[in-house]
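When a residue number appears, it is its place in the shown sequence, counting from 1. Note that the coordinates shown come from a computational prediction; the quantities given were computed from them, not determined experimentally.
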Amino acid sequence: MKMSKKMTALLAVLMFSLQIFCTVPVMASTAEETDKTSNSEEAEYTIKLPSISVEYTSVGGEQIINFNYAAQLAFKNYVETESSGRMKVELYTNGALGSGPEILLQCMQGVNEATTTGEADLSSYYPEIQIFSIPYCYNNRTEFYNLLDSDYMQSIYDEIAQKTGIRIIAAFDNGGFRNISNSKRKIKTADDLKGLKIRCMQSSAHVYLFETLKAVPTSLAFSELYSALQTGVVDGQENAPMVMLDNSIYEVQDYYTLDGHLMSPAYIAVNEKWLNDLPEELKKIVLDGGKICETAARGAITSGEMLALDVLKNAGVDIYAPTVEEKETFQIAKEPVIEWLTGEIGKEPVDTYLDAVENVKKGEDVETKAKSGESESLLSGSFVYLIIIIILLLVIVILIIKMVKKPATEEKK
């Protein structure tokens, strides 16, 4: 089923708005070789910022910007503009400089000044980051972002800098909440998962999660997932909406339940020694650039997730959002993962994390970066564009939501 003309138009405006944010007031990089070399002779400092992500993703026939690429572009724009050309940011996408573990190690060793990274790769050097593998901790994205922006997480970032030599300057979610899909039946409560063969990540935490829910967890490489679903080797899988769509998983899955069992963090990080060796005014620009690219990534993920759900629904996937009471039945999966993780990293890190989660849910101990006193310079230059684009994005999202709620009508003219 095709999207309506109005929906397509709004989507186009939304994507154009993100492009404006990432490219105004200077033209942003497209990660091509010509861009990497331009102005490099004039710049005093060059920052290599790689990712393994694609630049754009197809949603309903439209190309939308990948959240990692949105973060990269926003960082480049802000840093180069605010430094008046003293700093040059080179962007690399699609794994051009290596795999996720490789580009993280390059940043740790100072080969590259910056990197994108995530919980899975970082856990090899900082095992405590596995706290995010505890399921069903967050009711919504706001709680997750409040946790990322809390004093608690700032202390975690300080520990990571001490132990690994990289400084996290931006934090966002890695594509949205992970949800359960299958080809057999609608899942409303934990009991509905009984006996279903669910492909999960090759992680002990994920295996414990689905064993507790009486499903049959099956660890498979992601490259094998589509064929496994198609041939019935597994009945279902768990992933975020954009992954469902971008990898055509929806073609072999009939039901998608928004249980939101996990949301993982993704980061932009820089080499700590390199950062501290910068002149103070340039160090501040890099840190402020982290705040800017963080906002860009969060906006790209949130809008992309909503659009992906709409396209999945129009493609015939039965999307179900459990009630509060139904969601509560899934909480039984939490304790076994906590017990396993306690054995891996110790009781104190686990308890401290769970306390921090509860605090942000209560609205306590949430010291967001906007209140840190380090944001005065953000009120000038590119930050004006940020405010404008955020407002525009919110208006567009509200309009799209209203349209989705209206009964579909055929357009015959």
Tyr267 and its side-chain contact (heavy atoms from CB on, under 4.5 Å) partner, picked from Ile166, Ile129, Thr116: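 Among the candidates, only Ile129 passes.
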Shortest non-hydrogen contact between [X] and [Y], atoms and distance:
X	Y	value
Met263	Gly176	CE-C, 3.8 Å
Pro322	Lys327	CB-CG, 3.9 Å
Gly260	Asn179	N-OD1, 2.8 Å
Ser181	Ile198	O-CD1, 4.3 Å
Gly304	Ile64	CA-CD1, 3.9 Å
Ile52	Gly98	CG2-O, 3.5 Å

Donor + acceptor pair across side chains of Gln130, Ser123 (<3.5 Å):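 No donor-acceptor contact under 3.5 Å links the two side chains.
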Side-chain H-bond candidate by donor/acceptor type, Ser264 with Asn174, under 3.5 Å: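 No, Asn174 and Ser264 have no side-chain donor paired with an acceptor closer than 3.5 Å.
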Residue pair [X] / [Y], side-chain heavy-atom distance below 4.5 Å:
X	Y	result
His206	Glu238	yes
Lys88	Lys76	yes
Asn68	Glu55	no

Look up atom [atom1] in [X] and atom [atom2] in [Y], then write down how far apart they are to the nearest 0.5 Å.
X	Y	atom1	atom2	value
Phe210	Leu193	CZ	CG	7.0 Å
Asn66	Thr93	CG	OG1	9.0 Å
Leu262	Leu209	CG	CG	6.0 Å
Lys361	Leu147	NZ	CG	10.0 Å
Leu148	Gln154	CG	CD	11.5 Å
Thr57	Leu245	OG1	CG	8.5 Å

Would [X] and [Y] pass as an ion pair if we require N to O under 4.0 Å?
X	Y	result
Asp288	Lys291	yes
Arg298	Asp149	yes
Arg167	Asp158	yes

Residues forming a ring pair (Phe, Tyr, Trp, His ring centres under 6.0 Å) with Tyr256, sequence neighbours excluded: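 For Tyr256, no residue satisfies ring pair (Phe, Tyr, Trp, His ring centres under 6.0 Å) once neighbours in sequence are set aside.
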Counterpart residues, ring pair (Phe, Tyr, Trp, His ring centres under 6.0 Å), relative to Phe177 (two or more places apart):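 Ring pair (Phe, Tyr, Trp, His ring centres under 6.0 Å) check on Phe177 returns nothing, list empty.
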Which residues share a salt bridge (Lys or Arg N to Asp or Glu O under 4.0 Å) with Asp318, sequence neighbours left out: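 Applying salt bridge (Lys or Arg N to Asp or Glu O under 4.0 Å) to Asp318 gives Lys186.
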Worked verdict on Phe75 versus Val286 for side chain to side chain contact (heavy atoms under 4.5 Å, CB included): CA-CA 8 Å; Phe75 181 77; Val286 169; 4.2 Å; yes
Looking at [Y], is its backbone amide N or carbonyl O close enough to the side chain of [X] to form a donor-acceptor pair, meaning the two atoms are under 3.5 Å apart?
X	Y	value
Asn247	Ile249	no
Gln72	Leu49	yes
Glu224	Leu220	no
Thr257	Ile187	yes
Asn182	Gln253	no
Thr81	Tyr78	no
Thr302	Gly299	no
Gln237	Arg199	no

Which residues pass the side-chain contact (heavy atoms from CB on, under 4.5 Å) test with [X], sequence neighbours left out?
X	value
Glu281	Arg86, Pro279
Asp254	Ser183
Pro349	Glu128, Ile345
Ala120	none

The single option from Tyr126, Tyr353, Tyr138 passing ring-ring contact (aromatic ring centres under 6.0 Å, His included) against Phe132: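 Exactly one pass, corresponding to Tyr353.
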Derivation of the ring pair (Phe, Tyr, Trp, His ring centres under 6.0 Å) call for Tyr69 and Tyr56: CA-CA 8 Å; Tyr69 191 47; Tyr56 297 93; 5.8 Å; yes
Parallel, tilted or perpendicular: ring planes of Trp340 versus Tyr208, cut at 30 and 60 degrees: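 Tilted.
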Name each donor-acceptor pair under 3.5 Å that joins a side chain in residues 100-113 to protein atoms two or more places apart or in another chain, with its distance.
| residue | atom | partner | partner atom | Å |
| --- | --- | --- | --- | --- |
| Glu102 | OE1 | Ser99 | N | 2.7 |
| Glu102 | OE1 | Ser99 | OG | 3.3 |
| Gln106 | OE1 | Asn112 | ND2 | 2.6 |
| Gln106 | NE2 | Leu97 | O | 2.9 |
| Glu113 | OE1 | Lys48 | N | 2.9 |

Verdict with reasoning, Val79 to Leu282, per side chain to side chain contact (heavy atoms under 4.5 Å, CB included): CA-CA 9 Å; Val79 169; Leu282 295 184; over 6 Å; no
Verdict with supporting geometry, Glu90 and Tyr92, side chain to side chain donor-acceptor pair (under 3.5 Å): CA-CA 7 Å; Glu90 296 179 354; Tyr92 300 84; 2.8 Å; yes
From CA spacing to verdict: side chain to side chain contact (heavy atoms under 4.5 Å, CB included), Thr218, Val233: CA-CA 9 Å; Thr218 305; Val233 173; 5.5 Å; no
Residues forming a side-chain hydrogen bond (donor to acceptor under 3.5 Å, both in side chains) with [X], sequence neighbours excluded:
X	value
Glu358	none
Tyr145	Arg141, Asp173
Lys163	none
Tyr45	none

Pair Tyr136-Asp259, side chain to side chain donor-acceptor pair (under 3.5 Å): steps then yes or no: CA-CA 8 Å; Tyr136 301 110; Asp259 69 306; 2.7 Å; yes
